[in-house]
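The structure under discussion appears below in the form of structure tokens.
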Amino acid sequence: MTDERIIRDDLEEIKYYSTRKYVLDSYMKDFCETSILDLLDKYNAVIKQAPIKFYHLYVLIYLKGNTQEFAADEMGFAINTVQTMQKNLILWLCENIKKEESVC
């Protein structure tokens, strides 16, 4: 699996958790925790260093669960610009997560 595919899969997991956080947190409280919290911590630590537009897009799409269309409207960009930004965000994450992991 390519690094980019791993990042995309991780982001989908983060999006799923973030949009269902309330109910999933109650399950973790009542039953057991899941590794999603570690994954979220890992990405949140890296995204703090991102250019502000990438940070904004990450929050809108992956933490709040919005669509590209909503993000484009919210950020004041055309949809194709947001699509390109999302691809570049994933590439930026690939590069910067590798850096973060090599430090550890």
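Positions are given from 1 along the sequence.
- At a threshold of 4.5 Å between non-hydrogen side-chain atoms, the residues Lys64 and Phe70 do not count as touching.
- No chain of hydrophobic side-chain contacts below 4.5 Å, direct or via other Ile, Leu, Val, Met, Phe, Trp or Tyr residues, connects Ile52 to Leu91.
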Handout entry: Test log, rule side chain to side chain contact (heavy atoms under 4.5 Å, CB included), inputs Phe77 and Lys53
Key = CA-CA 11 Å; Phe77 295 119; Lys53 290 177 186 174; 4.0 Å; yes

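- Rounding to the nearest 0.5 Å gives a distance of 9.5 Å between CG of Asn96 and CZ of Phe54.
- In this structure, Asp10 CG and Lys42 NZ are separated by 5.5 Å, a value rounded to the nearest 0.5 Å.
- The cationic atom of Arg20 (NZ for Lys, CZ for Arg) lies less than 6.0 Å from the six-membered ring centre of Tyr16 and within 45° of the ring axis.
- Under the 4.5 Å side-chain heavy-atom criterion for grouping Ile, Leu, Val, Met, Phe, Trp and Tyr, Tyr22 is not connected to Tyr17 through any hydrophobic cluster.
- Taken from CD1 in Ile7 to CD1 in Ile97, the straight-line distance is 3.5 Å, to the nearest 0.5 Å.
- Defined by atom type and a distance below 3.5 Å, a donor-acceptor pair is present between the side-chain atoms of Tyr58 and Asn44.
- Of the inter-residue distances, the one linking Asp9 atom CG with Leu39 atom CG reads 10.5 Å to the nearest 0.5 angstrom.
- You'll find the side chain of Met85 stays beyond 4.5 Å of the side chain of Asn88, heavy atoms only.
- Between the side chains of Tyr62 and Gln86, at least one donor N or O sits under 3.5 Å from an acceptor N or O.
- Exactly one residue among Leu57, Leu89, Val59 makes a side chain to side chain contact (heavy atoms under 4.5 Å, CB included) with Ile47. That residue is Leu89.
- Judged purely by atom type and a 3.5 angstrom limit, Asn66 has no side-chain atom pairing as donor or acceptor with the backbone of Ile61.
- Although no hydrogens or angles enter the test, the distance criterion places no donor-acceptor pair under 3.5 Å between the side chain of Ser35 and the main chain of Asp38.
- Panel note: side chain Thr19, backbone Lys15; a donor-acceptor pair is recorded below 3.5 Å.
- Here Leu63 contributes atom CG and Ile14 contributes atom CD1; the two are 7.5 Å apart, rounded to the nearest 0.5 Å.
- The pair Arg8-Glu12 fails the salt-bridge criterion, with no side-chain N (NZ, NE, NH1 or NH2) lying under 4.0 Å from an Asp/Glu carboxylate O.
- The same ILVMFWY cluster, assembled from side-chain heavy atoms under 4.5 Å apart, contains both Tyr55 and Leu11.
- Here the straight-line distance linking atom CG of Asp41 with atom CD1 of Ile36 works out to 10.0 Å at 0.5 Å rounding.
- Within a 6.0 Å sphere centred on CD of Gln49, heavy atoms belonging to other residues, nucleotides or ligands number 12 at most.
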Exercise for the section: Could you walk me through whether Trp92 and Val46 pass side chain to side chain contact (heavy atoms under 4.5 Å, CB included), step by step? Expected result: CA-CA 10 Å; Trp92 185 90; Val46 172; 3.8 Å; yes

